[in-house]
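Lettering follows sequence order; numbering is per chain, from 1.
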Number of protein chains: 4
Amino acid sequence: MEQEELKKQKEEAIFQAALRVIKEKGFHKARMADIAAEAGTSYGLVYHYFGSKEELFEAIQRRWWGKLFELMKDPSESSLSVPEKLGRIIEYFLGTYHHNPELATIFITQISRSTTNLTPERLAHFKGFMEMTQNVIKEGQDQGLLRNDIPSRYLTYIFLGSLETFVSAMVLVDQKIKDTAQKNRIAKGILEVFLNGARNQTNK
Amino acid sequence: MEQEELKKQKEEAIFQAALRVIKEKGFHKARMADIAAEAGTSYGLVYHYFGSKEELFEAIQRRWWGKLFELMKDPSESSLSVPEKLGRIIEYFLGTYHHNPELATIFITQISRSTTNLTPERLAHFKGFMEMTQNVIKEGQDQGLLRNDIPSRYLTYIFLGSLETFVSAMVLVDQKIKDTAQKNRIAKGILEVFLNGARNQTNK
Amino acid sequence: MEQEELKKQKEEAIFQAALRVIKEKGFHKARMADIAAEAGTSYGLVYHYFGSKEELFEAIQRRWWGKLFELMKDPSESSLSVPEKLGRIIEYFLGTYHHNPELATIFITQISRSTTNLTPERLAHFKGFMEMTQNVIKEGQDQGLLRNDIPSRYLTYIFLGSLETFVSAMVLVDQKIKDTAQKNRIAKGILEVFLNGARNQTNK
Amino acid sequence: MEQEELKKQKEEAIFQAALRVIKEKGFHKARMADIAAEAGTSYGLVYHYFGSKEELFEAIQRRWWGKLFELMKDPSESSLSVPEKLGRIIEYFLGTYHHNPELATIFITQISRSTTNLTPERLAHFKGFMEMTQNVIKEGQDQGLLRNDIPSRYLTYIFLGSLETFVSAMVLVDQKIKDTAQKNRIAKGILEVFLNGARNQTNK
DNA sequence: AATGAATGAGCCTTCATTCAT
DNA sequence: CATGAATGAAGGCTCATTCAT
């Protein structure tokens, strides 16, 4: 048990070190040696826990997508309203940026836009997430909440784009989220602008 | 004269080859040898025209920013209305994506989000562009067109985010813009959603 | 212990291989690949132990200067007579040429005269050595052993010049020093000619 | 005629530019482009006058050796005394350093000690010069002027060594010779120290 | 489990040289 | 004569990965 525990701790230490280094240098310029040094171990050990640099990067992506998918597939999800559902997505982005800024930063700068190394698995994650979001948008259109004259796919782009670039801009200027209150204020702003912008005008 | 002309053509040919290769492989995996081969020239000639891989990349960025800044600093600009000004920015993104998709793609995937290699010059371009856009947004707020309860900086993020991610998503699924009509339709959608979303509600 | 020992041996093997290759081809034409091949190791290992070609060259220089400075700063040095002190310098040049001809050859052909790549550190070594030698010469002048009508700096040039070119000429014709007896004979000759030449004539 | 004159001027301009650049950067790091730029011409022209970098370097050496050999083979030479003959050699080194410091510097730093690129022709020059000098020394020994107990070859090393290192040291610290008076003083010092040092003691 | 010495493919870059104009 | 665009071989260096201890 203890052994197992220690092992996990070491693995997580390397994982977090990788986040920090990759955030700082980008995936390509981050060297395995850097990550090992940051974690305070030898670089043989990084290979012991994560098979290769590529697999390490995939583990990082799994961490991001895993939690997000967990959230969106949550059974209790279905009972929520469309604004609440969209709110939870915003919440996840901002929350992760708040609590694990490296992970959010890496998603924004290294995963989100990179068409390079776009493995089928990686693309599948994206499409899956887009699709789930689009379903929420569609639901809003069906309920007459959101305008129907713009394809749901476009609205999805706009919604996720606002969100992503918002975080992206904070990343760029290295702006931290101070507390939960600030986080909520920002979330409310993004959601409101989108809902107003996409509101079904005849429904006014 | 002819000489000068041919020289420029060769340089442009290498430039365009670089765009294609970098679009395909990303900046890091694009080899100078690939670019030379794609341009149908020798290895050394790329270095003759562009000093290094880094400088070649900088030339690409200059191309993007140069035209965009030209557009935004256009003297006739001041006589335009806020929605028209925002429309021109959208127009530039979509238009470039239409006519020089590689350039737009590279901006989205390699420049826009990459915090790596963020040279002071590169950062300055971004901040400059953000600032000019924010000034337009502010003008809209001052005119009572856009809501005042959200800081202009946040609205700027949301505006540019929608736009960027829109193009980004099209890049991701490799969706082409067929004709000017489609381009205008998309532009109108993005602008409308933003304007509605950011509209000053009391002004209704 | 054993490990550490083997490691040092490997490093020294590469060092000696570098000496042989650089002696043969000169610093510029010596390829890192040649050195690795000569040492019987892989390419990357040279970089593992010595950071770069330049650093490898600096390590060689350190070896030469290190031992020479050690000799000249030896506390027991002060009790020696001026001719004995000068004799030890000659001894070092000839002795190194005898026991580690590559090192001496490289000093003569690659370091001694090369104004190229004259890093401040390299220049400092030279000046330091010149200065220490000049102090010995000065001591000889103060004792009335050496003539005062020629500046000590000039005498230093002449002394070191004889010595250096002597070794240089042996290097050029690839003449080996057979045994200690021969070495001593040569040393005696150089020292005598200098002492006679520089002798204070009034002191005769 | 005029044409011929102009051509020679251009060629000499390139030659002098080469001297300056090679002095500054050393032969290996001196680029043909640098030399062309320094001469204010295109680099095609350097190839027009001198076939290759190697040949350019050989032209420089020819200039040095040519004048020196001319001097030593001068028919009037035979009537001079041994000290006068040695004096003329010293004179040549110091004089060249005075009037064409680049040429002397290049001889010292790039030609004199470099065992690399030691073409048979280059080696022949050296041996020829050494031999001629050694003949003068031998003459001095035969006349009872110089000691016989040290082989003439050794005395030659010592003589040329003093001279070479003297100039070398001045090169290293970039010390200029101010006027002819200073030059003569230095020449006299070198010659005297050698003659005293190598004097046949029984002859005193 | 942990270490880090050892490996070598890969890539950017330099620069002498050629040659069409 | 003069130019400088074009060529491509050569070599320094990086760094992911393996493996003996």
Side-chain angles (χ1 to χ4, degrees), chain A residues 3 6-7 10-11 14 28-37 39-56, chain B residues 2-4 6-8 10-11 14 28-36 39-56, chain C residues 2-4 6-11 14 28-36 39-56, chain D residues 3 6-7 10-11 14 28-37 40-56:
Chain A
Q3 289 291 0
L6 278 170
K7 187 177 143 184
K10 198 89 188 176
E11 189 174 336
I14 293 173
H28 272 98
K29 294 205 169 173
R31 287 167 299 179
M32 293 300 261
D34 294 331
I35 294 170
T41 65
S42 70
Y43 45 91
L45 204 59
V46 181
Y47 280 88
H48 185 75
Y49 285 113
F50 307 88
S52 70
K53 193 181 174 186
E54 197 59 30
E55 283 176 56
L56 176 53
Chain B
E2 294 263 326
Q3 290 293 5
E4 197 64 17
L6 278 170
K7 194 175 134 184
K8 280 288 165 202
K10 201 90 187 182
E11 188 173 337
I14 293 173
H28 278 290
K29 294 206 170 173
R31 287 168 300 178
M32 293 300 263
D34 295 330
I35 293 170
T41 67
S42 76
Y43 210 84
L45 201 59
V46 183
Y47 283 89
H48 188 75
Y49 285 112
F50 306 89
S52 69
K53 196 180 175 186
E54 196 58 30
E55 283 175 56
L56 178 52
Chain C
E2 295 264 327
Q3 290 293 5
E4 196 64 19
L6 279 170
K7 194 175 134 185
K8 279 289 163 199
Q9 274 179 28
K10 200 92 188 178
E11 187 173 338
I14 293 173
H28 277 289
K29 295 206 167 171
R31 288 168 300 179
M32 293 302 262
D34 294 330
I35 293 170
T41 65
S42 76
Y43 205 84
L45 201 59
V46 182
Y47 282 88
H48 188 75
Y49 285 113
F50 306 90
S52 69
K53 196 180 175 185
E54 196 58 30
E55 283 177 55
L56 178 52
Chain D
Q3 289 290 359
L6 278 170
K7 186 178 146 186
K10 200 87 187 178
E11 189 173 336
I14 293 174
H28 273 98
K29 296 205 168 170
R31 287 167 299 180
M32 292 301 261
D34 295 329
I35 293 169
T41 65
S42 70
Y43 44 95
L45 204 57
V46 181
Y47 280 88
H48 184 75
Y49 286 113
F50 306 89
S52 70
K53 192 181 176 186
E54 197 59 29
E55 284 175 55
L56 177 53

For dT3(E), what is the paired nucleotide under Watson-Crick or G-U wobble rules, both distances under 3.5 Å? dA20(F)

Residue mapping more 5' on DNA chain E - nearest nucleotide basis, Gly44(D) or Ser42(A): Ser42(A)

When you measure from the side chain of Lys10(A) to the backbone N and O of Tyr49(A), does any donor-acceptor pair fall under 3.5 Å? no

Tyr43(C) OH to dT14(F) C1': how many Å, rounded? 11 Å

Lys10(C) NZ to dA20(F) P: how many Å, rounded? 14 Å

Using Watson-Crick or G-U wobble geometry with both distances below 3.5 Å, tell me the partner of dG12(F), or none. dC11(E)

Between atom CG in Leu45(C) and atom C1' in dA5(E), what is the gap in whole Å? 7 Å

Can you name the closest pair of heavy atoms from Lys53(B) and His28(B) and give their distance? NZ-O, 3.4 Å

Tell me: CE of Met32(C) to P of dG10(E), nearest whole Å? 21 Å

In terms of heavy-atom contacts, Ser42(B) and Ala36(B) come closest through O-CB, 3.6 Å

To the nearest angstrom, how far is Lys29(A) atom NZ from dA16(F) atom C1'? 17 Å

Among dA16(E), dT3(E), dG8(E), the one nearest Arg31(D) by side-chain distance: dA16(E)

Remember a base hit wins even if backbone is also touched, and classify Tyr49(A) as base, sugar-phosphate or nothing at under 4.0 Å, heavy atoms. sugar-phosphate

Atom-to-atom span, NZ of Lys53(C) to P of dT13(E) - whole angstrom: 19 Å

Want to settle it: does Ala30(A) or Gly40(B) sit nearer the 5' end of DNA chain F, counting the closest nucleotide to each? Gly40(B)

Given side chains that start at C-beta, do those of Met32(B) and Tyr47(B) come closer than 4.5 Å, heavy atoms only? yes

In whole Å, what is the span from the OH atom of Tyr47(B) to the C1' atom of dG11(F)? 13 Å

If you look at every heavy atom in Ile14(C) and Ile35(C), which pair is closest and at what distance? O-CG2, 4.1 Å

Base, sugar-phosphate or nothing for Ala37(A)? Non-hydrogen atoms, less than 4.0 Å. nothing

Between dT3(F) atom C1' and His48(D) atom NE2, what is the distance in whole Å? 12 Å

